[in-house]
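Small disclaimer: the values here were computed from a predicted structure and weren't measured. Side chains are part of it too, since the values below use all heavy atoms of this structure and drop only hydrogens, waters and symmetry mates.
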Amino acid sequence: MSQEKLSPIEIIKEKSDGLRGTLKESLADNYTGTIRPDDEALIKFHGMYAQDDRDRREERAAKKLERLFSFMIRLRIPGGLISSSQWKAIHDISEEHGTGVLKITTRQTIQLHGLLKNELRTTIQEFLISKLDSIAACGDVNRNVICSAHPQVSPLFKEIHAYADKISTLLLPKTQAYYEIWIDGDKVYERSAEEDPLYKKTYLPRKFKVAIAIPPTNDIDVFANDLGLIAIVKDGVLKGFNLSIGGGMGATHGNADTYPRLGTIIGFLDTEEKIMKAAYEIVTIQRDFGNRSDRKLSRLKYTLDRMGVDNFIKELEKRTGFPLLPAEEFKFTERTDRFGWLENDKNEWFYTLFVEHGVIKPYQKSFLHEVALLNICDYRFTCNQNLILGSISKENKTRIEQLIQKYKVEEQDSNLRKNSMACVALPTCSLALAESQRYLPHLVTKIESILKKHNIKNDAISIRMTGCPNGCARPYIAEIGLVGTALGQYNLRLGGDRLGERLNLPYKEHLNESEILLELDTLLGQYVKEKEEDTFGDYIYKKFYTS
């Protein structure tokens with residue numbers, strides 16, 4: 001694609017020497033807690049963000065101190081599955097090098113905040129000992145590949161879940177900069193061995209996200225991803241996958257050229273070889289045709305809409321050398337996690353722990369650490385920011401039940417709270433305009449009172465909040481979506497469905513808390529009187545958005 005002018009990030013990538021930049025020099029700069037500006041862009045490809053505590057900016061400025069800089073590390077965990085020993089390593093590293101706080105992301109992995117610059121290399125080396133890394137967890141590459149989390153959804157779960165690791169490996173960058181900078185120190189890798197036919201020198205125009213759904217569950221919001229694979233199972237056999245492309249949640253306030261978009265199903269593929277080839281070539285199309293001038297318009301969804309679906313399919317079939325087959329029928333019936341104890345077809349037990357907005361509370365962390373010491377289960381992260389203890393034998397189930405009682409982790413939370421999601425936002429996210437993760441629990445408590453008032457306290461309405469319009473908690477596909485515009489103010493979006501198959505739509509803008517509660521009180525009251533068999537999202541959509 002011809003570009004009028006490359007964005008500054010494109011220049012940084014091109015000159016980075018395989019994502020090395022001046023990161024070694026930045027790490028050696030003892031006069032500052034952060035890194036050089038160009039390196040802030042490059043370090044994302046290594047799975048890290050440079051951050052500062054925005055709560056303390058004013059205080060430190062008054063003392064003429066630089067900002068309280070630190071780093072966030074996000075792990076690459078395809079499909080969200082790790083062992084007990086790996087969980088123990090994450091626990092220990094967070095205690096020794098971070099703030100101790102662990103956060104489950106909306107993309108099925110873990111991130112640690114508050115790491116100081118001089119701790120980064122040691123932290124990454126300790127992760128690697130446990131076969132964990134942060135390669136390509138951020139940056140303009142394929143991010144962590146996500147997959148439906150609960151093995152109970154299908155007897156073929158393991159076969160389908162394996163695609164997450166296969167696709168992650170296929171789409172990894174070839175550069176060895178990660179090992180050179182963080183692991184091996186002064187060792188310099190041969191650049192000729194790092195030639196990358198997929199990413200070349202400038203990688204992708206923006207991030208790329210892949211999701212694998214196993215109907216009937218859409219717990220990973222497959223249509224919110226650049227590439228979605230929907231498993232088609234018939235007569236107990238995996239027949240292949242439907243392909244969905246062009247999903248993405250990000251937008252920009254006041255810029256009508258930006259918008260959230262759900263993925264478009266373009267066809268079906270019936271062999272692993274074809275699936276892998278198609279995934280690879282979809283990435284190359286985005287690499288070659290994506291917008292490298294304006295990063296706000298650079299995701300695959302904009303490439304797809306600019307090219308047109310039919311032209312995109314033609315280009316894909318030309319690159320793969322085979323045609324797409326007609327999409328197969330499937331049906332989603334759920335999107336929430338399956339909480340508590342459940343057994344799969346292999347007589348293994350799984351326990352899903354509710355972790356509000358992914359922030360693991362101290363007593364939950366103690367519980368999970370003691371379970372890890374037993375080494376009797378695996379750990380599985382969900383895209384709803386919860387955690388599953390899995391592959392537990394009947395005998396070991398009793399041992400974990402005893403720890404559940406000991407730490408009192410089984411709380412009686414409302415369905416609204418269990419269906420709430422929030423991004424990190426303040427104080428660490430530089431893009432946040434408003435609170436999210438710290439505030440939504442309090443707002444949910446007030447909305448719970450409204451539900452109780454209208455005698456629908458058990459209604460499983462989905463509510464999602466983000467501190468900015470980039471949509472990390474996928475607020476655009478919730479029944480109630482709240483998108484921050486300024487401190488204490490949010491755009492209220494309504495009318496999404498409960499399965500992630502319909503976007504919500506703008507309702508009112510720049511509302512404060514009292515205005516949000518007043519609007520919801522009125523609407524929920526009308527819903528109770530008029531809903532018939534509708535969910536809240538369906539009721540609102542019919543009432544306000546259809547003629």
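Between E328 and K234, at least one side-chain N (NZ, or NE/NH1/NH2) sits under 4.0 Å from a carboxylate O, which counts as a salt bridge. Look at D92 and K88 and you find a salt bridge, because one of the NZ, NE, NH1 or NH2 atoms lies within 4.0 Å of a carboxylate O, short of that distance. Using a cut-off of 4.0 Å between Lys/Arg side-chain N and Asp/Glu carboxylate O, R438 and D55 are scored as salt-bridged. For the pair R335 and D221, the salt-bridge criterion is met [side-chain N within less than 4.0 Å of a carboxylate O]. Checked for salt-bridge contact, E513 and K446 meet the test: a charged N lies under 4.0 Å from a carboxylate O. Comment: D219 does not engage R474 in a salt bridge, judged by the lack of any side-chain N to carboxylate O separation of less than 4.0 angstrom. For E334 and R338, the salt-bridge test passes: some basic side-chain N is under 4.0 Å from an acidic carboxylate O. One finds a salt bridge joining R502 and D538 here, because a Lys/Arg side-chain nitrogen approaches an Asp/Glu carboxylate oxygen to under 4.0 Å. With respect to the salt-bridge test (charged N to carboxylate O, under 4.0 angstrom), the residues E95 and K365 qualify. Under 4.0 Å is where a charged nitrogen must lie from a carboxylate oxygen, and between D534 and K542 at least one such pair does. Salt-bridge check for R380 with D378: passed, with a basic side-chain N closer than 4.0 Å to an acidic carboxylate O.
Ring centroid separation for the pair Y163 and F241 comes in under the 6.0 Å cut-off. The distance between the ring centers of Y379 and F381 does not fall below 6.0 angstrom. Taking the ring centroids of F71 and Y49, they lie at or beyond the 6.0 Å cut-off. Taking the six-membered ring for Trp and the full ring otherwise, the centers of F544 and Y539 sit at least 6.0 Å from each other.
Defined by atom type and a distance below 3.5 Å, a donor-acceptor pair is missing between the side-chain atoms of Q364 and Y407. The closest side-chain donor-acceptor pair between Q385 and K103, if any, does not fall under 3.5 angstrom. For the 3.5 Å distance criterion, the side chains of T445 and R417 qualify, holding a donor opposite an acceptor. Side-chain polar atoms of D459 and Y527 form a donor-acceptor pair below 3.5 angstrom. Side chains of T105 and Q111: a donor-acceptor N/O pair is absent below 3.5 angstrom, by distance only. A side-chain N or O of H357 and one of S420 form a donor-acceptor pair less than 3.5 Å apart. Judged by distance alone, the side chains of R74 and T109 never bring a donor and an acceptor atom under 3.5 Å apart. Between the side chains of H454 and D521, a donor-acceptor pair is found at a separation under 3.5 Å. Defined by atom type and a distance below 3.5 Å, a donor-acceptor pair is missing between the side-chain atoms of N458 and N415.
Side chains of F536 and L524 form a contact here, defined as non-hydrogen atoms less than 4.5 Å apart. Side-chain contact between I146 and V210 is absent, with no heavy atoms from C-beta onward closer than 4.5 Å. Between L353 and V409 there is a side-chain heavy-atom pair separated by less than 4.5 Å. Side-chain contact check for I93 versus E96: every heavy-atom pair is 4.5 Å or farther apart. Residues K296 and Y302 fail the side-chain proximity criterion, which asks for heavy atoms closer than 4.5 Å.
The nearest pair of heavy atoms linking S436 to A422 is OG-CB, 3.4 Å. Summarising the geometry of I214 relative to A231, their closest heavy-atom pair is CA-CB, 4.4 Å, with the distance given to 0.1 Å. Among all heavy-atom pairs drawn from A473 and T466, the shortest one is N-CG2, 3.5 Å.
With W341 as the aromatic partner, K397 meets the cation-pi criteria of under 6.0 angstrom to the ring centre and within 45 degrees of the ring axis. Seen from the ring of F367, K406 does not count as a face-on cation partner, given the 6.0 Å and 45° thresholds.
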Working for salt bridge (charged side-chain N to carboxylate O under 4.0 Å, His left out), residues D165 and K158 = CA-CA 11 Å; D165 192 59; K158 189 173 182 180; over 6 Å; no

Salt bridge (charged side-chain N to carboxylate O under 4.0 Å, His left out) between K457 and E448, intermediate numbers included | CA-CA 6 Å; K457 65 178 182 179; E448 285 172 333; over 6 Å; no

Step by step, would you call K543 with E530 a salt bridge (charged side-chain N to carboxylate O under 4.0 Å, His left out)?
-> CA-CA 10 Å; K543 184 177 180 69; E530 305 170 4; 3.4 Å; yes

Given salt bridge (charged side-chain N to carboxylate O under 4.0 Å, His left out), test D140 with R295 step by step and report yes or no.
-> CA-CA 10 Å; D140 298 343; R295 288 179 66 80; 3.0 Å; yes

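Judged by distance alone, the side chain of T106 and the main-chain N or O of C472 form a donor-acceptor pair under 3.5 Å. With hydrogens and angles ignored, the 3.5 Å screen pairs no side-chain donor or acceptor of R56 with any backbone N or O of L68. Remark: side-chain polar atoms of N512 are paired, donor with acceptor, to backbone N or O of S514 under 3.5 angstrom. Side-chain N or O atoms of Y439 include none that pairs as donor or acceptor with a backbone N or O of G488 at under 3.5 Å. A donor-acceptor pair is defined here as one N or O able to donate and one able to accept, closer than 3.5 Å; such a pair exists between the side chain of N344 and the backbone of K346.
Among the candidates N491, L482, T485, L492, the single residue satisfying the side chain to side chain contact (heavy atoms under 4.5 Å, CB included) test with L511 is L492. Each of D305, D294, D226 was checked for a salt bridge (Lys or Arg N to Asp or Glu O under 4.0 Å) with R299, and the lone residue meeting it is D226.
Taking E159 as the reference, nothing meets the salt bridge (Lys or Arg N to Asp or Glu O under 4.0 Å) condition, with sequence neighbours excluded.
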